[in-house]
Amino acid sequence: MDWREITARSRILPRAFYDRDTVTVARELLGKILVHERVAGTIVETEAYLGGDDLASHSARGITKRTRIIFGPPGHAYVYFIYGMHECLNFVVGPEGTGGAILIRAAEPLAGVRLMQQRRPSAHSVAKLASGPGNLTLAFGVTRAQNGVDATRGALVVRKWLKEPPFEIRVTPRIGIRQCADLPLRFVIAGNPSVSGGVVAQGAK
DNA sequence: GGTAGGATGGGCT
DNA sequence: GCCCATCCTACCC
């Protein structure tokens with residue numbers, strides 16, 4: 001899809017979109033358009049990390065040098081480094097100080113596919129270029145340099161279609177965590193080829 | 001089709 | 001010093 005069509009048919013999500021219940025925002029980010037510089041894709045997989053007693057969330061241990069972004073105002077990016085080589089993109093949600101965040105786990109490429117392919121030469125298909133949180137940041141060129149940036153304006157934003165196509169949401173436990181591993185806080189667009197993991201990992205209804 | 005293991009570094013106790 | 005919100009390769013059905 002060309003950029004002219006994307007910008008004409010969509011609008012940047014305002015801060016009020018993010019300033020709501022964490023699960024609600026995690027569900028509603030599905031189908032939206034993640035944009036970073038010259039790359040865009042449809043968000044097809046998210047996970048909710050709650051404030052308060054969700055021990056899987058980085059915010060569970062309170063405010064530290066790393067987590068201060070999560071306790072800041074909603075609509076900002078939280079990018080962290082994990083396993084010595086990967087970076088993961090989140091958006092801060094809920095009222096300031098509540099510690100909620102949404103991990104963006106996968107997107108279906110819409111524009112800038114050539115650039116994504118250069119960044120991820122080992123990808124097996126276009127659909128899998130940004131499938132998985134580490135693959136997504138690599139394909140989109142998102143790094144810790146984007147930690148804390150305002151996602152309601154600038155190079156990193158999320159856009160909403162003026163007319164959003166319908167889709168079915170499936171809910172599963174979150175991937176790769178030990179604490180609170182059973183909570184149903186992962187949301188995917190059913191049947192989408194860019195969702196990470198196999199059929200089993202995508203989960204039943 | 002499936003899984004086991006290693007790479008690699010920052011955050012926090 | 002241990003724990004990670006991961007990914008890729010090799011290898012085995």
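Proteins get letters first, then strands, A, B, ... in listed order; numbering begins at 1 in each. Keep in mind that this is a model prediction, so the values were computed, not measured.
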*Asks:* Taking the side chain as everything from C-beta on, heavy atoms only, tell me whether Lys128(A) gets closer than 4.5 Å to Pro193(A).
*Replies:* no
*Asks:* Could you state the atom-to-atom distance from CG of Leu138(A) to P of dT6(C) in whole Å?
*Replies:* 15 Å
*Asks:* Applying a 3.5 angstrom cut-off to the pairing atoms, does DNA chain C sit in any stems of at least three consecutive Watson-Crick or G-U pairs? List them by first number.
*Replies:* B:1-7 with C:6-12, B:9-12 with C:1-4
*Asks:* Within this structure, what is the CG-to-C1' distance between Leu89(A) and dT6(C), rounded to whole angstrom?
*Replies:* 15 Å
*Asks:* Remaining members of Leu55(A)'s ILVMFWY cluster at a side-chain heavy-atom cut-off under 4.5 Å?
*Replies:* none
*Asks:* If you look at every strand shown and take non-hydrogen atoms under 4.0 Å, does Arg174(A) touch a base, only sugar-phosphate, or nothing?
*Replies:* nothing
*Asks:* Summarise protein proximity over nucleotides 8-13 of chain C in one line of letters, 5' to 3': B for base, S for sugar-phosphate only, - for none, counting protein heavy atoms closer than 4.0 Å.
*Replies:* S-----
*Asks:* When you check the side-chain N and O atoms of Asp21(A) and Thr24(A), is any donor under 3.5 Å from an acceptor?
*Replies:* yes
*Asks:* Under a 4.5 Å cut-off applied to non-hydrogen side-chain atoms, are Lys160(A) and Lys32(A) in contact?
*Replies:* yes
*Asks:* Between P on dT13(B) and NZ on Lys65(A), what's the gap in Å once rounded to a whole number?
*Replies:* 15 Å
*Asks:* Tell me the interatomic distance from Arg61(A), atom CZ, to dA5(C), atom C1', rounded to whole angstroms.
*Replies:* 14 Å
*Asks:* Just to be sure I understand the geometry, which residues of residues 101-109 of chain A put a non-hydrogen atom under 4.0 Å away from DNA chain C?
*Replies:* Leu103(A), Arg105(A)
*Asks:* Could you give the distance from CD1 (Ile70(A)) to OG (Ser59(A)), rounded to the nearest 0.5 Å?
*Replies:* 5.5 Å
*Asks:* Is there side-chain contact between Pro109(A) and Leu129(A), with heavy atoms separated by less than 4.5 Å?
*Replies:* yes
*Asks:* Looking at Asp182(A), I'd like to know if its CG atom is crowded, meaning that more than 12 non-hydrogen atoms belonging to other residues, nucleotides or ligands lie closer than 6.0 Å.
*Replies:* no
*Asks:* With DNA chain C as reference, determine whether Ser131(A) or Gln179(A) sits nearer its 5' end, using the nearest nucleotide of each.
*Replies:* Gln179(A)
*Asks:* Just how far, in rounded Å, is C1' of dC12(B) from CD1 of Ile63(A)?
*Replies:* 16 Å
*Asks:* Any non-hydrogen side-chain atom of Leu30(A) less than 4.5 Å from a side-chain atom of Val188(A)?
*Replies:* no
*Asks:* Tell me: NZ of Lys128(A) to P of dT6(C), nearest whole Å?
*Replies:* 15 Å
*Asks:* Taking CZ in Arg153(A) as the centre, count heavy atoms belonging to other residues, nucleotides or ligands within less than 6.0 Å. Is the count above 12?
*Replies:* no
*Asks:* Can you see whether Trp3(A) has Arg38(A) sitting over its ring - NZ or CZ less than 6.0 Å from the centre and within 45° of the normal?
*Replies:* yes
*Asks:* Between dG10(B), dC12(B), dA5(C), which one does the side chain of Thr67(A) approach most closely?
*Replies:* dC12(B)
*Asks:* Output yes when at least one side-chain N/O atom of His58(A) is less than 4.0 Å from OP1 or OP2 of dG11(B), else no.
*Replies:* no
*Asks:* Tell me whether the centres of the aromatic rings in His86(A) and Phe81(A) are closer together than 6.0 Å.
*Replies:* no
*Asks:* Suppose we screen for side chain to side chain contact (heavy atoms under 4.5 Å, CB included). Which residues come up paired with Thr42(A), at least two apart in sequence or across chains?
*Replies:* Val44(A), Glu108(A), Leu110(A)
*Asks:* How many whole angstroms separate atom CZ of Arg68(A) from atom C1' of dC12(B)?
*Replies:* 16 Å
*Asks:* Closer than 4.0 angstrom, basic N to acidic O: yes or no for Glu28(A) and Arg20(A)?
*Replies:* yes
*Asks:* Whole angstroms only, please: what is the CZ-P distance between Arg178(A) and dC3(C)?
*Replies:* 7 Å
*Asks:* Going by 5.5 Å between centroids and 30° between planes, is there a stack of Tyr80(A) over dA5(C)?
*Replies:* no
*Asks:* Parallel, tilted or perpendicular, judged at 30° and 60°: which one describes the rings of Tyr18(A) and Phe91(A)?
*Replies:* tilted
*Asks:* Below 3.5 Å between N/O atoms, which protein atoms pair up with nucleotides 6-8 of chain B? Just atom names and distances, please.
*Replies:*
{"residue": "dT8(B)", "atom": "O2", "partner": "Tyr83(A)", "partner atom": "O", "Å": "2.4"}

